[in-house]
Amino acid sequence: MAPRLGVSRDGQPLSLNRLPAPDLAPWIGWLYATSVEAPPDYELNCSLLSDTAMIRIQLEGNWSAQTRDGHISGTTGALYFGPQSKAMPITVRGSFTSVGIALKPGTGHSVTGLPAADFVDRIVPCEEVGLPVGAALGALDPTGAPEDWLKALETIARAFLCGAKAKEPNAISARLEWLALTDPSASVADFAEENGISLRQLERNCRRDFGVTPKQVLRRARALDMASSLRGVSDMAEEDEMILRYYDQSHMTHEFSRLFGMTPRQFVETPQPLMTLALESRQSRRLALLERLTPGKPRPWQKAD
């Protein structure tokens, strides 16, 4: 298996990923392009855990997944991945190229009126949720440059959002996402009080925009940060802080195992290329929002050219 877009210090495959254009920022968290070359009969068994809904456009490759609706498979196409409550088993055969958009919590509801809770741990065609992204397949040249793919996605998203006269997602959901990215050990009760909302209202809003409860949002974010550290795609300066978010080793093992289906040790010892690609994209966005990435400079985990 040969990554086409570079590797980390530890030899993990990397993607091209970045924040969206400023006019798309209220609805889109980040964009990514991933491309890996492999023999036609090479089978990669891995998993994904995303804390937000994703539009993933497969330009190359054969894939299958174990979802809430059962086992599904496909080749090229535009797919809507709902937010995930736990790691979703994914298998890819041969080379694969995927580009996509991470939607901010609440974008689905504000644009289409559909709650995130209806799509947790599911994968459906984009057209099923009212997103005519299938047209993007004709605008994306599989042999083109990855940055051109991302710009094409922005053009398609911009046209759709303008045509739909999309409202911005709920402000409290945006604040909760920021809390998950910056301080996932914070108190849900304190957050609700600071934002002038009852716990019951917060939970209702959260299920609509995140698909899960507020506590699950923060626990998942904490585990994703820890997973990024274990896979070597985080800022090493944060490693101690990420460990201290857990009471002790038992606490970390319990929460991690519940979300990833394996202990932290097993997670380190098991090849996780697809998971690592997703974690690296999320950490890139997180550090960019925290203004800890210098434009044009390597990421903390990136292998120097």
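Here, residue 1 is the first one in the sequence, and each next residue gets the next number.
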**Q** Working to the nearest 0.5 angstrom, can you tell me the gap between T97 OG1 and I57 CD1?
**A**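 Answer for the OG1-CD1 pair, T97 versus I57, is 12.5 Å.
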
**Q** Hey, does Q201 have a side-chain heavy atom less than 4.5 Å from the side chain of I172?
**A**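 Sidechains of Q201 and I172: no contact.
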
**Q** Just how far is it from atom CD1 of I197 to atom CG of L202, taken to the nearest 0.5 Å?
**A**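 Answer for the CD1-CG pair, I197 versus L202, is 5.5 Å.
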
**Q** Heavy-atom distance under 4.5 Å between the side chains of L31 and W149, does that happen here?
**A** no

**Q** Suppose the criterion is salt bridge (Lys or Arg N to Asp or Glu O under 4.0 Å): which pairs have a residue in residues 192-214, not counting sequence neighbours?
**A**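 Sorted pair list: E203-R207.
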
**Q** Given the rule that I, L, V, M, F, W and Y join up when any side-chain heavy atoms are under 4.5 Å apart, are L259 and V268 in one cluster?
**A**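 Same hydrophobic cluster.
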
**Q** Where do S281 and S15 come nearest, in terms of heavy atoms and distance?
**A**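 Taking S281 first and S15 second, the nearest heavy atoms are OG-OG, 3.2 Å.
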
**Q** Can you confirm whether V212 sits close enough to P83 that some side-chain heavy atom of one is under 4.5 Å from a side-chain heavy atom of the other?
**A** no

**Q** Is the shortest heavy-atom distance from the side chain of F191 to the side chain of R175 under 4.5 Å?
**A** yes

**Q** Parallel, tilted or perpendicular: which one describes the rings of F81 and W63, with boundaries at 30° and 60°?
**A**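 Tilted.
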
**Q** Closest heavy-atom contact between S234 and P300?
**A**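 Where S234 meets P300 most closely, the heavy atoms are O-CB, 4.4 Å.
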
**Q** Passes side-chain hydrogen bond (donor to acceptor under 3.5 Å, both in side chains), R122 versus Y80? Steps please.
**A** CA-CA 8 Å; R122 297 181 64 203; Y80 180 83; over 6 Å; no

**Q** To check you understand the geometry: which heavy-atom pair defines the closest contact between V188 and P214, and what is its length?
**A** CG1-CB, 3.7 Å

**Q** Taking the side chain as every heavy atom from C-beta outward, state whether F260 and L224 have any pair of such atoms under 4.5 Å apart.
**A** yes

**Q** Which residues pass the side-chain hydrogen bond (donor to acceptor under 3.5 Å, both in side chains) test with D225, not counting sequence neighbours?
**A**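 Expected list: R245, R282, Q283.
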
**Q** Find out if a path of hydrophobic residues (ILVMFWY) with successive side-chain heavy-atom gaps under 4.5 Å connects L103 to L150.
**A** yes

**Q** Treating Ile, Leu, Val, Met, Phe, Trp and Tyr as nodes and any side-chain heavy-atom pair under 4.5 angstrom as an edge, say whether V217 and L181 lie in one connected cluster.
**A** no

**Q** Any Lys/Arg nitrogen of E280 or R231 sitting under 4.0 Å from an Asp/Glu carboxylate oxygen of the other?
**A**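 No, E280 and R231 are not salt-bridged.
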
**Q** Check for a donor-acceptor pair, side chain of S95 on one end and backbone N or O of A38 on the other, with a separation under 3.5 Å.
**A**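 Side chain of S95 to backbone of A38: a pair is present.
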
**Q** CD1 of I156 to CG of L161: how many Å apart, nearest 0.5 Å?
**A**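 Atom-to-atom, I156:CD1 and L161:CG are 12.0 Å apart.
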
**Q** Given W27 and E168, is the side-chain contact (heavy atoms from CB on, under 4.5 Å) satisfied, shown in steps?
**A** CA-CA 7 Å; W27 301 276; E168 293 190 11; 4.0 Å; yes

**Q** Using a strict cut-off of less than 4.0 Å between a Lys/Arg side-chain nitrogen and an Asp/Glu carboxylate oxygen, indicate whether E154 and R18 qualify as a salt bridge.
**A** yes

**Q** Regarding E255 and R222, does a basic nitrogen lie under 4.0 Å from an acidic carboxylate oxygen?
**A**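 Between R222 and E255 there is a salt bridge, with a charged N closer than 4.0 Å to a carboxylate O.
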
**Q** Contact between M226 and P264 at the side-chain level, heavy atoms closer than 4.5 Å - yes or no?
**A** no

**Q** Membership question, hydrophobic clusters at under 4.5 Å side-chain separation (ILVMFWY): are L16 and I101 in the same one?
**A** yes

**Q** Show the nearest heavy-atom pair for residues C46 and P273, with the distance to one decimal.
**A**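 Reported closest heavy-atom pair: SG-N, 3.9 Å.
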
**Q** If you measure from CG on L59 to OG1 on T75, what distance do you get to the nearest 0.5 Å?
**A**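 The OG1 atom of T75 is 11.0 Å from CG of L59, to the nearest 0.5 Å.
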
**Q** Considering non-hydrogen atoms only, spot the tightest contact between A180 and A221 and give its length.
**A** O-CB, 3.4 Å

**Q** If you compare all heavy atoms of P40 against all heavy atoms of R93, which two are closest, and at what distance to 0.1 Å?
**A**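 Here P40 and R93 meet closest at O-CG, 3.4 Å.
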
**Q** Could you tell me the separation between the OG atom of S73 and the CD1 atom of I90, rounded to the nearest 0.5 Å?
**A** 11.5 Å

**Q** Tell me whether R220 contacts the main-chain N or O of Q84 through its side chain, where contact means a donor paired with an acceptor under 3.5 Å.
**A** yes

**Q** Shared ILVMFWY cluster between L179 and Y246, side chains joined below 4.5 angstrom?
**A**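 Looking at the clustering, Y246 is in a separate group from L179.
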
**Q** L44 and F96: side-chain contact (heavy atoms from CB on, under 4.5 Å), yes or no, with the steps?
**A** CA-CA 10 Å; L44 173 61; F96 63 91; 4.2 Å; yes

**Q** With a 3.5 Å distance limit and no angle check, can you tell me whether S110 reaches the backbone of T107 through a side-chain donor-acceptor pair?
**A** yes

**Q** Looking only at the side chains, is there a donor atom on one of S98 and Q58 sitting less than 3.5 Å from an acceptor on the other?
**A** yes

**Q** Might you confirm whether atom CG of D41 has over 12 heavy atoms from other residues, nucleotides or ligands at distances under 6.0 Å?
**A**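 Check passes, neighbour count above 12.
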
**Q** Can you measure from CZ (F210) to CD (E177) and round to the nearest 0.5 angstrom?
**A**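 Result: 6.0 Å between the selected atoms.
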
**Q** Less than 4.5 Å apart, any side-chain heavy atom of D141 and any of D148?
**A**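 D141 vs D148: side chains apart.
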
**Q** Taking C-beta and beyond as the side chain, do E239 and M242 meet within less than 4.5 Å on heavy atoms?
**A**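 No - every pair of side-chain heavy atoms lies 4.5 Å or more apart.
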
**Q** Tell me, yes or no, whether the heavy-atom count around R265 atom CZ, taken from other residues, nucleotides or ligands under 6.0 Å, exceeds 12.
**A** no

**Q** In sequence, state the C-alpha distance, the side-chain angles, and the governing distance for T52 and K104, and then conclude on side-chain contact (heavy atoms from CB on, under 4.5 Å).
**A** CA-CA 7 Å; T52 186; K104 285 191 173 179; 5.7 Å; no

**Q** Which ILVMFWY residues are connected to V120, directly or by a chain of links, through side-chain heavy atoms under 4.5 Å apart?
**A**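 Taking Ile, Leu, Val, Met, Phe, Trp and Tyr as members, V120 stands alone, with no cluster partners.
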
**Q** Quick check: does any side chain N or O of W301 sit under 3.5 Å from a backbone N or O of M236, one acting as donor and the other as acceptor?
**A** no

**Q** Taking atom CD of E269 as the centre, does the number of heavy atoms from other residues, nucleotides or ligands within less than 6.0 Å exceed 12?
**A**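 Yes.
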
**Q** Do S229 and E238 pass the side-chain contact (heavy atoms from CB on, under 4.5 Å) test, and can you show the C-alpha distance, the side-chain angles, and the key distance before you say yes or no?
**A** CA-CA 8 Å; S229 177; E238 291 187 304; over 6 Å; no

